[in-house]
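One structure is given below, encoded as structure tokens.
We're numbering straight along the sequence, starting at 1.
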Amino acid sequence: MITIDNYLDNLHPGNWLRAAVFGANDGVISISSLAIGVATASISREPIVLATVAGLIAGALSMAAGEYVSLSSQTDTEMAYIERKKKELQEIHFMIQCPHLIK
């Protein structure tokens, strides 16, 4: 039997994979560009490694925060839509059960 909870649990099962693939692609390009930029301006290896690690951490935190906000707002929107539909169904059910009360 499908319930609201079952529906919400299975609403978007592949979102994490999509986000991971997009994040990985974005991270590879960004970090490669950062490493190349630092490598062209530096003779030693340490600044390159430091900038790359710092870029990886900053990028990961940024992507995680962005994905959290995005999925939270999507969930809020879908929950509001479901609540509106539940109210509409209750009103329709009431109109069917008590047509004499409707003017």
Side-chain angles (χ1 to χ4, degrees):
M1 179 175 170
I2 296 177
T3 65
I4 293 296
D5 292 330
N6 291 343
Y7 174 76
L8 292 176
D9 287 342
N10 297 315
L11 196 56
H12 298 289
N15 274 346
W16 67 270
L17 180 60
R18 178 181 54 91
V21 169
F22 285 151
N25 287 337
D26 183 50
V28 165
I29 300 299
S30 299
I31 298 304
S32 298
S33 300
L34 178 66
I36 290 169
V38 174
T40 58
S42 179
I43 297 174
S44 64
R45 174 181 269 184
E46 290 80 19
I48 300 167
V49 173
L50 180 63
T52 303
V53 170
L56 282 170
I57 293 169
L61 292 174
S62 174
M63 291 294 289
E67 188 65 19
Y68 175 78
V69 169
S70 172
L71 289 178
S72 294
S73 62
Q74 180 180 357
T75 300
D76 291 345
T77 302
E78 289 173 351
M79 291 298 292
Y81 175 78
I82 289 170
E83 289 302 316
R84 279 195 314 272
K85 290 301 175 185
K86 282 169 63 176
K87 185 176 178 182
E88 288 175 13
L89 288 172
Q90 289 171 347
E91 290 172 358
I92 291 170
H93 180 71
F94 177 77
M95 290 189 311
I96 292 171
Q97 296 297 321
C98 304
H100 60 283
L101 296 176
I102 301 170
K103 292 184 180 188

Check: Looking at CE of Met79 and NZ of Lys86, how far apart are the two atoms once the value is rounded to the nearest 0.5 Å?
Finding: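 Result: 7.5 Å between the selected atoms.
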Item checked: Separation between CD1 of Ile48 and CD1 of Ile36, rounded to the nearest 0.5 Å ->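 Output value for this atom pair is 10.5 Å.
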Notebook entry, point to check: So, for Leu34 and Ala51, which heavy atoms are closest and what is the spacing to 0.1 Å?
Noted result: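 It is CD2-O, 3.1 Å.
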Do the side chain of [X] and the main chain of [Y] share a donor and acceptor less than 3.5 angstrom apart?
{"X": "Ser42", "Y": "Val38", "answer": "no"}
{"X": "Ser72", "Y": "Tyr68", "answer": "yes"}
{"X": "Ser32", "Y": "Ile29", "answer": "no"}
{"X": "Ser73", "Y": "Ser70", "answer": "yes"}

Checklist line | pair Leu89-His93: side-chain heavy atoms closer than 4.5 Å | finding: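 Not in contact.
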Checklist line | Minimum side-chain heavy-atom gap Lys87-Glu83 below 4.5 Å | finding: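 SC-SC contact between Lys87 and Glu83 ruled out.
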Margin query: Taking CG in Leu61 as the centre, count heavy atoms belonging to other residues, nucleotides or ligands within less than 6.0 Å. Is the count above 12?
Written below: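 Atom CG in Leu61 is crowded, with more than 12 foreign heavy atoms closer than 6.0 Å.
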Check: When clusters are formed by joining ILVMFWY residues with side-chain heavy atoms under 4.5 Å apart, either directly or through shared neighbours, do Ile31 and Met63 land in the same one?
Finding: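 Result: no, two separate clusters.
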Notebook entry, point to check: Any chain of hydrophobic side-chain contacts (each under 4.5 Å) joining Val49 to Ile43?
Noted result: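 Result: no, two separate clusters.
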